[in-house]
Amino acid sequence: MSRFFSEKYTRLTPYTPGEQPRDMQYVKLNTNESPFGPSAGVLAAVTEQCGKLQLYSDPESTALRGKLAEVYGVKPEQVIVSNGSDEVLNFAFMAFGDDLAFPDITYGFYPVFAQLNHIPYTEIPLKADFSIDVQDYVGIGKTVVIANPNAPTGLCLPLSSIEAIVKGNPDNVVIIDEAYVDFGGESAVSLVDTYENLLVVQTFSKSRSMAGARLGFAIGNEKLIADLNTIRYSTNPYNVNRMTEFAGVAALEENSYYMENAKTIMENRQWTTEQLEALGFTVLPSKANFVFAKSDRIDGGKLYGELKKRGVLVRHFTKARIAQFSRITIGTKAQMETLVKTITEILEEQQ
Ligand SMILES: *Cc1c(COP(=O)(O)O)cnc(C)c1O
């Protein structure tokens, strides 16, 4: 830290992204990326926009917001787009977070955004089985942030539970982060016209194979979206570049390609869960493109290290409550076969 760093940030612990090592070719199951490439229309749209880079992007992202509104059955005024969903989450924390509540085990960026913006926050422990106790949040009187499905557990609340939380906090915004909703979850977008305090956040990074393009969005009441735009126009009106905007439009035009891929991931998730259970692992029931699993036969940190040595990357968290677990992204069937074969070898060498 230099002696010039502002006093207001000296205690900030930044988010740690999953590692992207370059030393060898890994089977990369550590950052929940899609194993499938973008569709042909996305490639064509990016190429076309590349020729217009001298021009600013549309600060209103009119084409993309129109397309999102059409696909999700809302008005364009109910949609905001962002540079990855991380950005719109930060905007939402800035706009609506005077006092926050989220689970103790959830997306690691929430406490970072809270600290960055000097917002006090309460981390509410998940139950022993890692599920969210809905009653903990009903009437809490704070801005609530819930990832549904949750990360890194993969567990999903039914829409009725989300509605109970939204209904139970009429004077606070409830932010539902649906980064993984396309892998078997139930979206709360259907409730945005009923509840003016609900904000639903999604991303193109996971199910739509665009992690490297950085595109996220939020859907909610028009007034909530207007507030988010006040923050956006006060930081970066051109937050979504023109290649990404039109890649997003093309991806939505080819939505069925991505939803088919999501189905394949769900099948591979089922297969991987069965294989890991046969090896004696405990696997939480996941509705995401990853599984969260642990074994009594090997320490979580050790398994991570042994897999990495053999060219397979998974995500390990050191937080005590989850240190025995590995978060394993679901990739292609071939990648999952490599994972299972490698874990089998590691366990055999343990004997
Ligand atoms: C991956 C992820 C995001 C954001 O990803 P972006 O690439 O910034 O869109 C947000 N929330 C959760 C829970 C995630 O796992």
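In each ligand, atom 1 is the first atom listed, and ligand 1 is the first ligand listed.
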Asks: For ligand 1, which atoms have a heavy atom of S205 less than 4.0 angstrom away?
Replies: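 Listed by number with element, the hits are 6 (P), 7 (O), 9 (O).
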
Asks: Going by the angle between their ring planes, with limits at 30° and 60°, are F130 and F292 parallel, tilted or perpendicular?
Replies: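 Perpendicular, since the angle between the ring planes exceeds 60°.
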
Asks: Could you check atom 13 (C) of ligand 1 against the protein and tell me its nearest heavy-atom contact, residue, atom and distance included?
Replies: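 Here the nearest protein heavy atom works out to D177 OD2, 3.4 Å.
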
Asks: Would you mind telling me which of M210, E33, R214 makes a side chain to side chain contact (heavy atoms under 4.5 Å, CB included) with S205?
Replies: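 By the side chain to side chain contact (heavy atoms under 4.5 Å, CB included) criterion, S205 pairs with just one of M210, E33, R214: R214.
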
Asks: Closest non-hydrogen protein atom to atom 14 (C) of ligand 1, residue and atom name please, with distance?
Replies: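 Heavy-atom neighbour on the protein nearest atom 14 (C) of ligand 1: K206 NZ, 3.1 Å.
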
Asks: Taking non-hydrogen atoms only, is D86 closer than 4.0 angstrom to ligand 1 via side chain, backbone, both or neither?
Replies: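 The answer is both.
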
Asks: Looking at T203, which atoms of ligand 1 are within less than 4.0 Å of one of its heavy atoms?
Replies: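 Result: 6 (P), 9 (O).
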
Asks: I'd like to check which ligand 1 atoms, numbered from 1 as shown, lie under 4.0 Å from a non-hydrogen atom of A179.
Replies: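 Answer for ligand 1: 2 (C), 11 (N), 12 (C), 14 (C).
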
Asks: Please state which part of R214 comes within less than 4.0 Å of ligand 1, counting heavy atoms only: side chain, backbone, both or neither.
Replies: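 For R214, only side-chain atoms sit under 4.0 Å from ligand 1.
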
Asks: To check you understand the geometry: which heavy-atom pair defines the closest contact between Y137 and F102, and what is its length?
Replies: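 Looking at all heavy atoms of both residues, the shortest contact is OH-C, 3.6 Å.
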
Asks: Among all protein non-hydrogen atoms, which one is nearest to atom 15 (O) of ligand 1, and what is the separation to 0.1 Å?
Replies: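 Among all protein heavy atoms, the one nearest atom 15 (O) of ligand 1 is Y180 OH, 2.5 Å.
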
Asks: Does some side-chain heavy atom of E196 sit less than 4.5 Å from a side-chain heavy atom of K223?
Replies: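 No, too far: nothing below the 4.5 Å cut-off.
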
Asks: Find all atoms of ligand 1 within a distance of less than 4.0 Å from any non-hydrogen atom belonging to G84, and give their numbers and elements.
Replies: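 Those of ligand 1 that fall under 4.0 Å from G84 are 8 (O), 9 (O).
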
Asks: For atom NZ of K167, is the number of surrounding heavy atoms from other residues, nucleotides or ligands below 6.0 Å larger than 12?
Replies: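 Atom NZ in K167 is not packed in, count stays at 12 or less.
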
Asks: Please report the closest heavy-atom contact between S326 and L303, naming both atoms and the distance.
Replies: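 Of all heavy-atom pairs spanning S326 and L303, the closest is OG-CD2, 3.7 Å.
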
Asks: Return the closest protein heavy atom for atom 5 (O) of ligand 1 as residue, atom name and distance.
Replies: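 Scanning the protein heavy atoms, the shortest distance from atom 5 (O) of ligand 1 goes to S85 OG, 3.5 Å.
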
Asks: In chain order, what residues pass the side chain to side chain donor-acceptor pair (under 3.5 Å) check against S190, with sequence neighbours excluded?
Replies: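 Testing S190 for side chain to side chain donor-acceptor pair (under 3.5 Å), a comparison that skips the adjacent residues, returns none.
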
